[in-house]
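Protein chains get the first letters and strands the later ones, always in sequence-line order, with residue 1 at the start of each. These values consider heavy atoms only, across backbone and side chains, with no hydrogens, waters or symmetry-generated copies. The shown structure was predicted, so the numbers you read here are calculated from the model rather than taken from an experiment.
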Protein chains: 2
Amino acid sequence: MIPENLLEEYNARIVNLSKDTIIFNQGKPAYYYFQVLEGEVKMAHYNEDGQEFIQGIFNNGMSFGEPALFGEFTYPCSAVTIKDTSIAKMRSEDFFKLLENNFEIHKKFNNILSKRLRYKGIILNEISSYPAAHRIQTVLKYLRHKYGQEQEPFEVPFTRQQIADMTGLRVETVIKTIKQLSQKDELNIHDHKVVLK
Amino acid sequence: MIPENLLEEYNARIVNLSKDTIIFNQGKPAYYYFQVLEGEVKMAHYNEDGQEFIQGIFNNGMSFGEPALFGEFTYPCSAVTIKDTSIAKMRSEDFFKLLENNFEIHKKFNNILSKRLRYKGIILNEISSYPAAHRIQTVLKYLRHKYGQEQEPFEVPFTRQQIADMTGLRVETVIKTIKQLSQKDELNIHDHKVVLK
DNA sequence: TGATGCGTATGATCTAAGTCATAAGAGAAC
DNA sequence: GTTCTCTTATGACTTAGATCATACGCATCA
């Protein structure tokens, strides 16, 4: 998102985190702009009973958590590393100063917020209107797009549990449905991994 | 969103539309910035079988459809007036020029995009994790907040069908569930209207 | 004034997905 | 090499919500 020289110029700090580290918790106020340099971060809701709903997965160069800065609300989700990860962290004041001085970057943030909004709208419609198989395929197709693997076969880098947490389904349902999809030849299962063709 | 003097300065045109007029259709490219001056507009997905999913309701002063401009994608939803409505309409180029010259307004757009993102995230979590009664109550509570009726009893200005279309439930389910909620004294039904206390 | 349409209402039945139980493979941890 | 934990897998059973059918009140309008 923000190029390295600007991160430096506006006093971002680099932080290295091991897998499964909590970056911030839902309900907490936002003071920093975050950007993934290396690794991967998930943002998820946790309900009272511990059930998880994954709102997004962020990696190389992507910013996360900035809607809470822009919208001036507390984090609606928690952010947790799902790999060893290094992030850049910039104070809110510096971040807004940066935007004020760099119209194109500011515009870029509108762009990515809008794209996320679009994705959420699509998923919302999916979840409320379509059966499990369709939901799963839509999410997988989106992930393929996100990982830029549109041509070659795409080995989905997520467990059945994670797919369940992104679609609002149960693990068992995901397992059974993916099995059925592979039987209908809509996708492949190689060595237990889901592979889109 | 954008004050009247700036709308004028950047060549916005005012258009008057009667109830149930389509402003744009899903799948079409975006050329204009839109803002409601008077009346009300809904944005909704329509599936093949004609089923509707309402993504948002926009009224006095709110902008709509601008994510498609920012994100450079075609409209994921259609926009339709649900009352007689007058809107301001500004060409995309003028709109971006305006933002470039008005940092605070530009920032305000980040703010509202972020808030919408937050709402969608909440609804997404609701729909995927909670039973019908909870979903309905969350949406109604949100609407009350949106219409700024936090204190007094709030007469919900939507039909059961519209609530169904916002929660991804069926009309019958909404009717039955609201009945149950009123029996459990969680809300009132006055003269067939849903009233939050 | 009767027809048409829309919103609300309610019961009977059906079904997709959730829940529960159980197991087996795979990797990490000791 | 054994234990632990996570993931995949599968089958039996339960259930929330969808579907379907029917009805009634109310507004509109021809």
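You'll find that the side chain of A:Pro131 is closest to C:dA17, out of C:dA9, C:dA21, C:dA17. Between C:dA17, D:dG17, D:dT10, one nucleotide has an atom nearer to the side chain of A:Ile175 than all others, and that is D:dT10. With C:dA17, D:dA21, C:dT8 as the choices, the nucleotide that has an atom nearest any side-chain atom of B:Glu172 turns out to be D:dA21.
A:Arg160 has a side-chain polar atom (N or O) that falls below the 4.0 Å cut-off from OP1 or OP2 of D:dT8. At the phosphate of D:dT10, OP1 or OP2 sits under 4.0 Å from a side-chain N or O atom of A:Lys179.
Within 4.0 Å (heavy atoms only), A:Lys176 reaches at least one base atom of the nucleic acid.
Between B:Arg170 atom CZ and D:dA18 atom P the separation is 6 Å, expressed in whole Å. Computed from coordinates, the A:His190 NE2 to D:dT8 C1' distance equals 17 Å when rounded to whole Å. Atom P of nucleotide D:dG17 and atom CD1 of B:Ile136 are separated by 9 Å, given to the nearest angstrom. If you measure from atom OH of A:Tyr130 to atom C1' of C:dA17, you get 19 Å, rounded to the nearest angstrom. Distance NZ (B:Lys19) to P (C:dC6): 10 Å, rounded to an integer number of Å. Regarding B:Ile163, its CD1 atom lies at a distance of 16 Å from the C1' atom of C:dC6, rounded to whole Å. One atom, CD of B:Gln180, and another, P of C:dT8, lie 17 Å apart when rounded to the nearest Å. Rounded to whole angstrom, the span from the CG atom of A:Leu169 across to the P atom of D:dT8 amounts to 15 Å.
Between B:Thr173 and A:Phe158, the residue whose closest nucleotide on DNA chain D is further toward the 5' end is A:Phe158. Along DNA chain C, the nucleotide nearest to A:His192 and the one nearest to A:Thr177 differ in position, and the one closer to the 5' end is contacted by A:Thr177.
When atom types are taken as modelled, the side chain of A:Glu8 and the backbone of A:Asn5 share no donor-acceptor pair closer than 3.5 angstrom. Within the 3.5 Å criterion, the main-chain N or O of B:Leu98 finds a donor-acceptor partner in the side chain of B:Asn102.
In terms of hydrophobic clustering, with Ile, Leu, Val, Met, Phe, Trp and Tyr side chains grouped at heavy-atom distances under 4.5 Å, B:Phe64 and B:Leu113 are assigned to different clusters.
Proximity of the aromatic rings of A:Phe58 and A:Phe34 is defined here by a centroid distance below 6.0 angstrom, and this criterion is not met.
A salt bridge links A:Glu52 with A:Lys42; the closest basic N to acidic carboxylate O contact falls under 4.0 Å.
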